[in-house]
Visitor: 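The structure under discussion is supplied below as C-alpha coordinates; questions concerning it will follow.
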Amino acid sequence: MIDIVNTLKERAELVGWIPVIGAKNIQSYTLSQKDLTTGKSALMIDLPTASAIVSNGTWSEHTYNIELLLVRKFEEFTKSSVSETTEQKYNNRLFELQEDFDTFLYQVFQCAGISKITAINYSYVMNVLSKSVDGVLCTIRFEA
(Lines give C-alpha, C1' and ligand atoms only; values in the text may rest on other atoms or scores of the structure.)
Protein backbone atom coordinates (compact mmCIF):
# COMPACT_ATOMS: atom_id res chain seq x y z
CA MET A 1 0.00 0.00 0.00
CA ILE A 2 1.03 3.58 -0.56
CA ASP A 3 0.53 6.50 1.82
CA ILE A 4 -0.85 8.88 -0.80
CA VAL A 5 -2.35 11.27 1.77
CA ASN A 6 0.96 12.10 3.44
CA THR A 7 2.74 12.14 0.07
CA LEU A 8 0.25 14.77 -1.17
CA LYS A 9 0.47 16.72 2.11
CA GLU A 10 4.27 16.85 2.08
CA ARG A 11 4.44 17.86 -1.60
CA ALA A 12 1.78 20.56 -1.05
CA GLU A 13 3.82 22.04 1.78
CA LEU A 14 6.93 22.00 -0.43
CA VAL A 15 5.21 24.11 -3.10
CA GLY A 16 3.80 26.51 -0.49
CA TRP A 17 0.20 25.31 -0.48
CA ILE A 18 -1.85 24.82 2.67
CA PRO A 19 -2.82 21.12 2.96
CA VAL A 20 -6.14 20.32 4.63
CA ILE A 21 -6.99 16.66 5.24
CA GLY A 22 -10.37 15.16 6.10
CA ALA A 23 -14.06 15.05 5.32
CA LYS A 24 -15.76 18.04 3.63
CA ASN A 25 -17.21 19.53 6.82
CA ILE A 26 -13.84 19.24 8.57
CA GLN A 27 -12.04 20.73 5.57
CA SER A 28 -14.39 23.71 5.51
CA TYR A 29 -13.92 24.38 9.22
CA THR A 30 -10.13 23.92 9.05
CA LEU A 31 -9.87 26.19 6.02
CA SER A 32 -11.92 28.86 7.81
CA GLN A 33 -9.10 29.02 10.40
CA LYS A 34 -6.41 29.64 7.76
CA ASP A 35 -5.24 32.99 6.40
CA LEU A 36 -5.74 32.99 2.64
CA THR A 37 -5.15 36.72 2.17
CA THR A 38 -1.55 36.08 1.14
CA GLY A 39 -2.73 34.49 -2.09
CA LYS A 40 -1.74 30.98 -1.06
CA SER A 41 -3.57 28.04 -2.51
CA ALA A 42 -5.01 25.31 -0.30
CA LEU A 43 -5.14 21.63 -1.20
CA MET A 44 -8.15 19.85 0.28
CA ILE A 45 -7.38 16.12 0.57
CA ASP A 46 -10.16 13.60 1.13
CA LEU A 47 -9.17 10.22 2.50
CA PRO A 48 -8.88 7.71 -0.34
CA THR A 49 -10.98 4.64 -0.90
CA ALA A 50 -9.18 1.44 -1.83
CA SER A 51 -10.08 -1.93 -3.29
CA ALA A 52 -7.75 -4.92 -3.41
CA ILE A 53 -7.06 -6.36 -6.85
CA VAL A 54 -7.56 -10.10 -6.32
CA SER A 55 -6.13 -12.73 -8.67
CA ASN A 56 -6.23 -16.46 -7.84
CA GLY A 57 -7.10 -15.73 -4.23
CA THR A 58 -4.22 -13.33 -3.55
CA TRP A 59 -3.59 -9.67 -4.10
CA SER A 60 -0.54 -7.54 -4.46
CA GLU A 61 -2.05 -4.26 -5.65
CA HIS A 62 -4.90 -1.97 -4.77
CA THR A 63 -7.05 0.38 -6.80
CA TYR A 64 -7.37 3.78 -5.13
CA ASN A 65 -9.78 6.65 -5.66
CA ILE A 66 -9.01 10.01 -4.12
CA GLU A 67 -10.69 13.39 -4.41
CA LEU A 68 -8.64 16.56 -4.20
CA LEU A 69 -9.70 20.19 -4.34
CA LEU A 70 -7.20 22.97 -5.04
CA VAL A 71 -8.63 26.37 -4.04
CA ARG A 72 -7.59 29.98 -3.84
CA LYS A 73 -9.33 33.11 -2.58
CA PHE A 74 -6.98 35.97 -3.46
CA GLU A 75 -4.57 36.89 -6.20
CA GLU A 76 -2.43 40.00 -6.49
CA PHE A 77 -5.25 42.13 -7.91
CA THR A 78 -8.42 40.06 -7.56
CA LYS A 79 -10.48 38.30 -4.92
CA SER A 80 -12.93 35.45 -5.31
CA SER A 81 -16.44 36.78 -4.74
CA VAL A 82 -20.00 36.06 -5.78
CA SER A 83 -20.00 39.30 -7.79
CA GLU A 84 -17.42 37.90 -10.24
CA THR A 85 -18.75 36.34 -13.41
CA THR A 86 -17.84 32.78 -14.33
CA GLU A 87 -15.59 34.14 -17.07
CA GLN A 88 -13.79 36.41 -14.58
CA LYS A 89 -13.30 33.51 -12.16
CA TYR A 90 -11.90 31.38 -14.97
CA ASN A 91 -9.54 34.12 -16.15
CA ASN A 92 -8.55 35.30 -12.64
CA ARG A 93 -7.77 31.94 -11.04
CA LEU A 94 -9.37 28.76 -12.35
CA PHE A 95 -7.26 28.31 -15.49
CA GLU A 96 -4.04 28.94 -13.56
CA LEU A 97 -5.11 26.61 -10.75
CA GLN A 98 -5.69 23.78 -13.20
CA GLU A 99 -2.25 24.31 -14.74
CA ASP A 100 -0.69 24.31 -11.27
CA PHE A 101 -2.67 21.18 -10.37
CA ASP A 102 -1.52 19.32 -13.51
CA THR A 103 2.13 20.06 -12.77
CA PHE A 104 1.74 19.18 -9.09
CA LEU A 105 -0.02 15.86 -9.74
CA TYR A 106 2.49 14.82 -12.38
CA GLN A 107 5.34 15.44 -9.94
CA VAL A 108 3.61 13.67 -7.04
CA PHE A 109 2.76 10.54 -8.97
CA GLN A 110 6.12 10.36 -10.77
CA CYS A 111 8.06 10.79 -7.51
CA ALA A 112 5.89 8.20 -5.76
CA GLY A 113 6.54 5.75 -8.59
CA ILE A 114 2.86 5.42 -9.45
CA SER A 115 2.51 4.86 -13.16
CA LYS A 116 -0.84 3.07 -13.29
CA ILE A 117 -3.16 6.08 -13.28
CA THR A 118 -6.43 4.96 -14.86
CA ALA A 119 -8.47 8.17 -14.65
CA ILE A 120 -8.12 11.85 -13.77
CA ASN A 121 -11.27 13.97 -13.88
CA TYR A 122 -11.31 17.74 -13.34
CA SER A 123 -14.16 20.14 -12.76
CA TYR A 124 -14.33 23.76 -11.68
CA VAL A 125 -16.08 24.81 -8.47
CA MET A 126 -16.96 28.35 -7.52
CA ASN A 127 -17.89 30.03 -4.24
CA VAL A 128 -17.51 26.86 -2.19
CA LEU A 129 -16.76 26.12 1.46
CA SER A 130 -17.15 28.66 4.25
CA LYS A 131 -14.45 30.93 2.77
CA SER A 132 -16.29 31.17 -0.58
CA VAL A 133 -13.27 30.06 -2.57
CA ASP A 134 -12.93 29.00 -6.19
CA GLY A 135 -11.04 25.94 -7.26
CA VAL A 136 -10.45 22.85 -9.30
CA LEU A 137 -11.87 19.55 -8.11
CA CYS A 138 -9.93 16.48 -9.18
CA THR A 139 -10.78 12.82 -8.81
CA ILE A 140 -7.97 10.36 -9.46
CA ARG A 141 -8.08 6.60 -9.85
CA PHE A 142 -4.80 4.69 -9.75
CA GLU A 143 -3.28 1.33 -8.95
CA ALA A 144 -0.37 0.76 -6.59
Visitor: When rounded to the nearest 0.5 angstrom, what is the spacing between OG in Ser51 and OH in Tyr64?
Guide: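 Ser51 OG to Tyr64 OH: 10.0 Å, rounded to 0.5 Å.
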Visitor: Closest heavy-atom contact between Asn127 and Ser132?
Guide: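 Heavy atoms only, the tightest pair is OD1-OG, 3.5 Å.
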Visitor: Name all residues meeting the side chain to side chain contact (heavy atoms under 4.5 Å, CB included) criterion together with Ser55; count only those two or more places apart in sequence or in a different chain, and write none if there are none.
Guide: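 Listed in chain order: nothing, the list is empty.
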Visitor: Can you name the side chain to side chain contact (heavy atoms under 4.5 Å, CB included) partners of Thr58, sequence neighbours left out?
Guide: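 Side chain to side chain contact (heavy atoms under 4.5 Å, CB included) check on Thr58 returns nothing, list empty.
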Visitor: Do Ile140 and Asn65 have side chains that get closer than 4.5 Å, going by heavy atoms?
Guide: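 A side-chain contact is absent here, since even the closest heavy-atom pair is not under 4.5 Å.
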Visitor: Taking the side chain as C-beta and beyond, is there a heavy-atom pair between Met44 and Leu137 under 4.5 Å?
Guide: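 Not in contact.
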Visitor: Run Val136 and Val125 through side chain to side chain contact (heavy atoms under 4.5 Å, CB included) and show every step you take.
Guide: CA-CA 6 Å; Val136 178; Val125 295; over 6 Å; no
Visitor: Considering only residues two or more places apart or on different chains, which pairs with a residue in residues 94-107 satisfy salt bridge (Lys or Arg N to Asp or Glu O under 4.0 Å)?
Guide: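 Matches after skipping sequence neighbours: Arg72-Glu96.
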Visitor: Give a yes-or-no answer on whether the side chains of Glu75 and Thr78 include a donor-acceptor pair shorter than 3.5 Å.
Guide: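 Thr78 and Glu75 do have a side-chain donor-acceptor pair below 3.5 Å.
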Visitor: Let me have the donor-acceptor pairs involving side chains of residues 18-27, under 3.5 Å, with sequence neighbours excluded, atom names and distances please.
Guide:
| from | atom 1 | to | atom 2 | distance (Å) |
| --- | --- | --- | --- | --- |
| Lys24 | NZ | Asp46 | OD1 | 3.3 |
| Lys24 | NZ | Asp46 | OD2 | 2.7 |
| Lys24 | NZ | Glu67 | OE2 | 2.7 |
| Gln27 | NE2 | Gly22 | O | 2.7 |
| Gln27 | NE2 | Ile45 | O | 3.3 |
| Gln27 | NE2 | Asp46 | OD1 | 2.7 |

Visitor: Could you report the tightest heavy-atom contact between Phe142 and Ile117, atom names first, then the distance?
Guide: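 Phe142 and Ile117 have their closest heavy atoms at CB-CA, 3.9 Å.
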Visitor: To check you understand the geometry: which heavy-atom pair defines the closest contact between Ser32 and Ser130, and what is its length?
Guide: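 Residues Ser32 and Ser130, closest heavy atoms: CB-OG, 3.4 Å.
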Visitor: Going by side chain to side chain contact (heavy atoms under 4.5 Å, CB included), name the residues that satisfy it together with Glu143, two or more places apart in sequence or in a different chain.
Guide: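 For Glu143 the side chain to side chain contact (heavy atoms under 4.5 Å, CB included) partners, ignoring immediate neighbours, are Ile53, Glu61, Thr63, Lys116, Thr118.
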Visitor: Which residue pairs satisfy the salt bridge (Lys or Arg N to Asp or Glu O under 4.0 Å) criterion with at least one member in residues 124-138, sequence neighbours excluded?
Guide: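 Pairs touching residues 124-138 that pass the test: Lys89-Asp134, Arg93-Asp134.
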Visitor: Could I get the full list of ring pair (Phe, Tyr, Trp, His ring centres under 6.0 Å) partners for Tyr122, not counting sequence neighbours?
Guide: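 Applying ring pair (Phe, Tyr, Trp, His ring centres under 6.0 Å) to Tyr122 gives none.
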Visitor: Does a side-chain heavy-atom distance below 4.5 Å link Leu70 with Cys138?
Guide: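 Leu70 does not reach Cys138 side chain to side chain.
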Visitor: Do the non-hydrogen side-chain atoms of Leu68 and Leu43 ever get within less than 4.5 Å of each other?
Guide: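 Contact flag for Leu68/Leu43 side chains = yes.
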Visitor: Going by ring pair (Phe, Tyr, Trp, His ring centres under 6.0 Å), name the residues that satisfy it together with Phe95, two or more places apart in sequence or in a different chain.
Guide: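 In terms of ring pair (Phe, Tyr, Trp, His ring centres under 6.0 Å), with neighbours along the sequence ignored, Phe95 is linked to Tyr90.
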Visitor: If I take atom CG from residue Leu129 and atom CG from residue Leu31, how far apart are they, to the nearest 0.5 angstrom?
Guide: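 If I round to the nearest 0.5 Å, the distance is 6.0 Å.
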Visitor: Taking only residues at least two apart or on different chains, which pairs with a member in residues 9-21 satisfy side-chain hydrogen bond (donor to acceptor under 3.5 Å, both in side chains)?
Guide: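 As it turns out, the side-chain hydrogen bond (donor to acceptor under 3.5 Å, both in side chains) pairs with a partner in residues 9-21, which skip direct neighbours, are Lys9-Glu13.
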Visitor: Quick one, Phe104 and Leu8 - any side-chain contact, counting heavy atoms below 4.5 Å?
Guide: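 Yes, side chains in contact.
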Visitor: So, for Phe74 and Leu36, which heavy atoms are closest and what is the spacing to 0.1 Å?
Guide: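 What the structure gives for the nearest pair is CD1-O, 3.2 Å.
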Visitor: Per the salt bridge (Lys or Arg N to Asp or Glu O under 4.0 Å) rule, what does the pair list look like for residues 28-39, sequence neighbours excluded?
Guide: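 Passing the test, one end in residues 28-39: no pairs.
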Visitor: I want to check something: taking the side chain as every heavy atom from C-beta on, are Val5 and Pro48 in contact at a cut-off of under 4.5 Å?
Guide: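 Val5 reaches Pro48 side chain to side chain.
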Visitor: Apart from Tyr106 itself, what residues make up its hydrophobic cluster, given side-chain heavy atom links below 4.5 Å?
Guide: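 Answer for Tyr106: none, a lone residue.
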Visitor: For Glu87, which residues count as a side chain to side chain contact (heavy atoms under 4.5 Å, CB included) partner, sequence neighbours excluded?
Guide: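 For Glu87, the residues satisfying side chain to side chain contact (heavy atoms under 4.5 Å, CB included) (neighbours in sequence not counted) are Thr85, Asn91.
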Visitor: Could you check whether any side-chain heavy atom of Val128 comes within less than 4.5 Å of a side-chain heavy atom of Val133, counting everything from C-beta outward?
Guide: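 Yes. Closest side-chain heavy atoms under 4.5 Å.
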